[in-house]
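Because the structure is a prediction, the values reported are computed rather than measured. Just so we're on the same page: letters track the sequence lines, and every chain starts at 1.
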Amino acid sequence: MKTLAYRLIAVALIGVALSFTTESFLTVANVLNVFRQASLTFLIASGLTLTILTAGLDLSVGANVGLSACLAATVMQSSGSVALGAATGLVFGAGVGIVNGLMVTLLRLPPFIATYGMLWTLNGFTYWFMGGDTIHGFSPGFRALGSGYWLGVPIPIYLMLGFLLAGAVFTRYTTLGHDVYAIGANREAARLSGVPVRSRINLVYVLSGAMAGLAAVVYLARLNSAEADIGEPLTLPAIAAVLIGGTSLFGGVGSLLGTLVGALTLTLVVNGMNLLAVDASWQPLVTGVIVLLAVWIDVVTRQRAEANA
Amino acid sequence: MNMNGNCQTQRSRRSQSSVRFLISACSVCSALIVVSVIASARLYADGEKIAVFTKNQTNPYFQMLRLGADNAAKQMNARVTHYVPTRPDSIPDQMSQIEDVITKRPDAAVFVPVDFKAVAPGLLKMNAAKIPVVNVTDRVEKGDIVTFVGLDDYSVGLATARYLFKKMNGSGAIIILEGVRGVQTSSERLRGFKKALEEFPNVKLLASQPANYQRLAALTVTENLIQRHPNVNGVLAANDSMALGALEAFDGANRKVLAVGINGTKEAMDAIKAGRLLASGDNNGFVQGCVGTMAAIRRLRNLPVPKEVVFPATVIDNTNYKTYDILDSQRVCPKWETVVKP
């Protein structure tokens with residue numbers, strides 16, 4: 001909790017610094033813009049956070065978004081039904097999650113390997129399926145999901161807040177959520193105390209896949225187009241958001257609120273660079289430094305806490 | 001390929017039969033194929049093997065280029081094999097594919113380098129293996145080529161930018177969305193944009209940022225830039241995906257803008273038809289694939305091939321898009337003589 005406070009202060013400091021250097025930063029329009037951009041990263045990173053909390057990993061989220069979006073777009077356009085298309089994206093995304101979960105629990109593959117293999121498989125299938133085409137042009141009603149407003153606030157922001165709330169209740173106040181932390185902290189201890197480890201691990205991968213499927217539908221609405229490479233650039237920022245948010249790759253420590261802070265940090269960096277007319281080619285470098293700093297702060301504070309105890 | 005296919009149908013038809021039968025069936029059908037291959041080789045003196053290298057499986061431009069290559073090969077009775085990096089635009093993937101191809105010894109290669117500098121050693125290797133290479137789309141830095149087939153990216157950038165500025169009545173404020181920094185197509189198109197800016201002193205450039213030819217990056221960058229510059233009324237993008245991504249950003253802000261892209265993709269044609277996109281600079285992947293492959297075959301048949309085939313810059317807008325808006329399956333390669341003037 002204490003390190004999360006540091007992170008919030010860091011985000012606030014970046015915000016204050018930006019508002020002093022450019023007057024276009026602290027406007028209602030730009031703050032909503034930043035939150036809307038962060039919301040999509042958050043949707044992907046939220047399910048991923050759960051897998052990392054169990055000391056797992058889901059490297060297939062970006063590829064899953066890509067294929068789910070292409071399938072959803074195909075169904076939406078051939079059937080003319082938005083609901084059917086969106087359902088295809090969600091179901092397929094969750095389906096990928098089921099396979100990931102089974103590879104980890106049943107075949108006992110390390111999560112890194114299982115989901116890395118899945119990444120390639122999904123990409124390969126997407127390239128073949130799309131054959132270099134794009135599917136474009138969706139109804140204005142559907143596009144509003146990505147670029148529309150309700151009461152002056154972009155719709156993806158409501159989705160982000162809704163899932164943040166649901167996720168917070170899930171992780172804090174349900175047995176399922178407690179089990180996720182317990183498995184990440186010490187899998188053997190969790191098993192001995194009666195936690196159904198396998199089914200919980202399956203659950204987090206399904207949730208991660210389903211969130212990727214949902215994100216795919218929102219991306220589709222926002223981009224108004226599906227092409228084979230839309231998922232490609234999403235995986236690494238999602239992992240970065242989780243790590244910057246203070247969730248430990250070793251499992252058991254972290255929160256969805258932290259992931260939101262991580263997603264905001266990443267978005268602020270790009271937004272700030274664009275507003276200050278800094279060449280956006282520097283963005284990966286800055287992201288890298290921030291990830292290293294954030295994880296380093298974690299390590300130091302944890303060592304201090306252990307020394308004090 | 002054929003042999004496997006035949007054996008499989010045999011197998012499925014006679015799932016009960018013995019392994020021995022299967023083996024004999026396979027040898028029979030493979031013998032048949034060998035005979036038919038020899039027969040066809042006798043019938044046609046051609047059937048040259050052409051290896052075609054492209055950058056990725058994701059960009060519609062290269063898909064069109066591959067279709068063009070296939071179509072040309074069909075017309076001229078040659079055989080095309082495609083080599084596409086497993087990871088899009090991957091330099092090591094293309095390098096190892098070049099090595100594979102050298103061991104397979106095709107008669108000629110049609111080569112789109114993923115990077116005009118980094119893959120140049122691959123061209124040198126093909127030179128050493130005495131495989132004639134036609135260079136398409138991006139001009140390789142060094143090495144021997146039969147000919148270069150491509151677009152003058154600088155002229156296309158210049159023409160599309162001039163078109164936009166004229167539609168803006170010569171005054172206003174624009175943003176530029178660049179492709180991948182360091183990639184030749186992007187830097188040349190950008191140079192064209194900048195040249196046009198010099199010609200229109202009342203058009204102000206507010207920002208120029210790379211969006212890596214990607215729609216999502218273009219959307220995000222544009223959303224951010226219009227926060228800082230609320231008075232943008234023109235967008236110059238180095239490809240169509242980015243122009244359309246920028247348009248989504250303006251839609252999301254309930255604002256109108258004049259946007260132009262480059263490549264003349266199917267999606268851009270639809271957007272021009274719908275009045276969303278102003279124009280797109282033509283970059284016909286299909287014709288480049290056709291002419292590149294034809295040049296390779298012509299070289300093998302000792303027909304004349306010019307030093308380079310550079311297509312003139314054309315801007316596609318709502319007055320002329322119909323000539324470009326053709327279904328993929330109905331496209332046919334143009335005659336060599338109509339494209340390459342002696």
Count the heavy atoms of every other residue, nucleotide or ligand shown that sit under 6.0 Å from NZ of B:K266, and state whether that count exceeds 12.
-> yes
Checking B:Y61 side chain against A:G132 main chain: does a donor-acceptor pair fall under 3.5 Å?
-> no
Distance, nearest 0.5 Å, that separates CH2 of A:W120 from CZ of B:R87 | 4.5 Å
Chain A contact via B:Q209 - side chain, backbone, both or neither, heavy atoms under 4.5 Å | side chain
Interchain contact, B:D270 with chain A, by part (heavy-atom threshold 4.5 Å) | side chain
Tell me, for B:Q214 versus chain A, whether the close heavy atoms (under 4.5 Å) come from the side chain, the backbone, both or neither.
-> side chain
Looking at CD1 of A:I230 and CG of B:L216, how far apart are the two atoms once the value is rounded to the nearest 0.5 Å?
-> 8.0 Å
At a heavy-atom separation under 4.5 Å, does B:R181 approach chain A through its side chain, its backbone, both, or neither?
-> side chain
Under the side chain to side chain donor-acceptor pair (under 3.5 Å) rule, what pairs show up with a residue in residues 233-249 of chain B, not counting sequence neighbours?
-> A:R143-B:E248, A:N224-B:E248, B:D240-B:T265, B:D240-B:S280, B:E248-B:R276
Can you tell if the side chain of B:T58 reaches within under 4.5 Å of the side chain of A:E232, non-hydrogen atoms only?
-> no
Engaged part of B:N59 at the chain A interface, taking heavy atoms whose separation is under 4.5 Å = backbone
Considering residues, nucleotides and ligands other than A:Y116, do more than 12 of their heavy atoms fall under 6.0 Å from its OH?
-> no
Contacting moiety of A:L276, where chain B heavy atoms sit under 4.5 Å = backbone
Residue list, salt bridge (charged side-chain N to carboxylate O under 4.0 Å, His left out) with B:E188, at least two apart or on another chain | B:R191
With chain B, the option among A:G131, A:A277, A:A228 that has the most non-hydrogen atom pairs under 4.5 Å is A:G131
Side chain, backbone, both or neither: which part of A:V278 has a non-hydrogen atom closer than 4.5 Å to chain B?
-> backbone
Quick one: do the B:N224 and A:Q37 side chains pair a donor with an acceptor below 3.5 Å?
-> yes
Looking only at B:T220, B:L225, B:I226, the option with the highest number of non-hydrogen pairs under 4.5 Å against chain A is B:T220
So what's closer than 4.5 Å to chain B heavy atoms on A:F25: side chain, backbone, both or neither?
-> neither
Give a yes or no on whether B:K273 atom NZ has more than 12 heavy-atom contacts from other residues, nucleotides or ligands under 6.0 Å away.
-> yes
Note: vs chain B, highest number of non-hydrogen pairs under 4.5 angstrom among A:S225, A:G146, A:G137, A:G148 is A:S225
So which part of A:P154 gets closer than 4.5 Å to some heavy atom of chain B, the side chain, the backbone, both or neither?
-> neither
Please confirm whether the backbone N or O of A:N30 pairs with a side-chain atom of B:Q227, one donor and one acceptor, at under 3.5 Å?
-> yes
What's the verdict on side chain to side chain contact (heavy atoms under 4.5 Å, CB included) for B:R228 and A:N274, showing C-alpha distance, side-chain angles and the deciding distance?
-> CA-CA 8 Å; B:R228 166 88 189 259; A:N274 286 159; over 6 Å; no
Got a sec: does the CZ of A:F35 have more than 12 other heavy atoms crowding it under 6.0 Å?
-> no
From CZ (B:R215) to CZ (A:R222), nearest 0.5 Å = 13.0 Å
